[in-house]
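The next block holds one structure in the form of structure tokens; read it before the comments.
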Amino acid sequence: LDAENLNIAASYSIGSACDCCQFSPDGNKLAIVCKDKSVKILDTRSGTITLSLPYTEGSKAGKVEWIGNDHVATSGFSQMRDREVRVFALNAASAAVSTVRLSASSGILLPMYDHATDLLYVMGR
């Protein structure tokens with residue numbers, strides 16, 4: 001959105017409904033959690049999807065958070081309805097670098113990364 005002229009500056013088609021999106025710290029990429037159970041990485045300069053990650057096996061919505069410019073953390077649910085957090089390295093994204101399964105609660109987990117301390121906080125109830 002061009003806020004000064006109130007015009008749409010860019011529009012992207014991702015092929016699926018969006019649950020959550022987050023810009024990378026440098027603003028060059030956009031991570032989008034889609035209803036098709038994937039996280040799509042969009043290059044904001046070219047408008048192309050550069051990577052698609054299978055972020056969860058469950059049916060509930062998930063969240064995404066950038067860890068620097070080359071990793072993303074996702075939160076979602078496993079097939080057994082356990083809450084889980086996965087970390088993906090964008091340069092080797094065929095599988096998650098790390099997966100942590102947590103409780104079987106129904107609440108969505110909210111990941112938040114602190115760039116100053118390099119800590120990933122995961123909040124939920």
Side-chain angles (χ1 to χ4, degrees):
L1 179 64
D2 179 359
E4 187 173 306
N5 297 320
L6 298 177
N7 293 325
I8 296 175
S11 176
Y12 307 113
S13 175
I14 58 169
S16 181
C18 170
D19 279 334
C20 172
C21 63
Q22 185 84 298
F23 280 99
S24 63
D26 63 7
N28 290 329
K29 293 176 255 182
L30 181 66
I32 306 164
V33 176
C34 299
K35 295 270 187 197
D36 64 0
K37 299 181 182 181
S38 70
V39 173
K40 293 181 173 42
I41 307 298
L42 181 103
D43 182 334
T44 58
R45 307 280 185 221
S46 67
T48 59
I49 295 172
T50 58
L51 191 59
S52 184
L53 308 168
Y55 83 97
T56 186
E57 298 165 353
S59 60
K60 290 188 175 187
K63 301 291 181 191
V64 65
E65 177 72 20
W66 284 91
I67 301 175
N69 288 310
D70 56 353
H71 288 77
V72 290
T74 63
S75 66
F77 292 85
S78 70
Q79 283 182 326
M80 302 302 292
R81 295 191 179 109
D82 292 331
R83 299 189 292 182
E84 67 181 14
V85 176
R86 292 183 179 185
V87 176
F88 292 92
L90 299 186
N91 58 0
S94 59
V97 174
S98 177
T99 300
V100 177
R101 290 217 168 129
L102 302 168
S103 63
S105 178
S106 62
I108 295 174
L109 295 172
L110 302 171
M112 190 164 76
Y113 181 68
D114 182 2
H115 295 274
T117 60
D118 281 338
L119 288 174
L120 179 66
Y121 297 95
V122 180
M123 296 162 279
R125 53 180 197 152

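Only a predicted model underlies this, so the values are computations on that prediction, with no experimental measurement involved.
The backbone N or O of L109 sits nowhere less than 3.5 Å from a side-chain atom of K63 that would complete a donor-acceptor pair. With S52 contributing its side chain and S38 its backbone, the two residues share no donor-acceptor pair below 3.5 Å.
Here the straight-line distance linking atom CD of Q22 with atom CD of E65 works out to 4.5 Å at 0.5 Å rounding. Atoms CG and CD1, on L119 and I67 in that order, are 10.5 Å from each other to the nearest 0.5 Å. Annotation: the span from K40 atom NZ to L53 atom CG amounts to 9.5 Å, rounded to 0.5 Å. Summarising the geometry, atom CG belonging to L42 is positioned 6.5 Å from atom OG1 belonging to T48; distances are rounded to the nearest 0.5 Å.
Residues R83 and V122 have side chains not in contact (no heavy-atom distance under 4.5 Å, counting atoms from C-beta outward).
H115 and P25 get closest at one heavy-atom pair: CE1-CG, 3.5 Å. Of all heavy-atom pairs spanning T74 and F88, the tightest one is OG1-CE1, 3.9 Å. Of all the heavy atoms in G62 and C20, the pair that sits closest is O-CB, 3.8 Å. Nearest heavy atoms, W66 versus Y113: O-CB, 3.4 Å. In plain terms, the two heavy atoms of V97 and A89 that are nearest each other are CG2-N, 3.5 Å. In terms of heavy-atom proximity, K29 sits nearest to L90 at NZ-CD1, 4.2 Å.
Hydrophobic clustering of Ile, Leu, Val, Met, Phe, Trp and Tyr side chains at less than 4.5 Å, counting indirect connections, unites L120 with L102. Tracing side-chain contacts under 4.5 Å through hydrophobic residues (I, L, V, M, F, W, Y), one reaches V33 starting from L51; they form part of the same cluster.
Applying the side chain to side chain donor-acceptor pair (under 3.5 Å) criterion to D26, with sequence neighbours excluded, gives S24, N28. Considering only residues two or more places apart in sequence or on other chains, D70 meets the side chain to side chain donor-acceptor pair (under 3.5 Å) condition with none of them. Under the salt bridge (Lys or Arg N to Asp or Glu O under 4.0 Å) criterion, E84 pairs with R86, R101, sequence neighbours left out.
Other residues, nucleotides and ligands contribute over 12 non-hydrogen atoms within 6.0 Å of the CE atom of M123.
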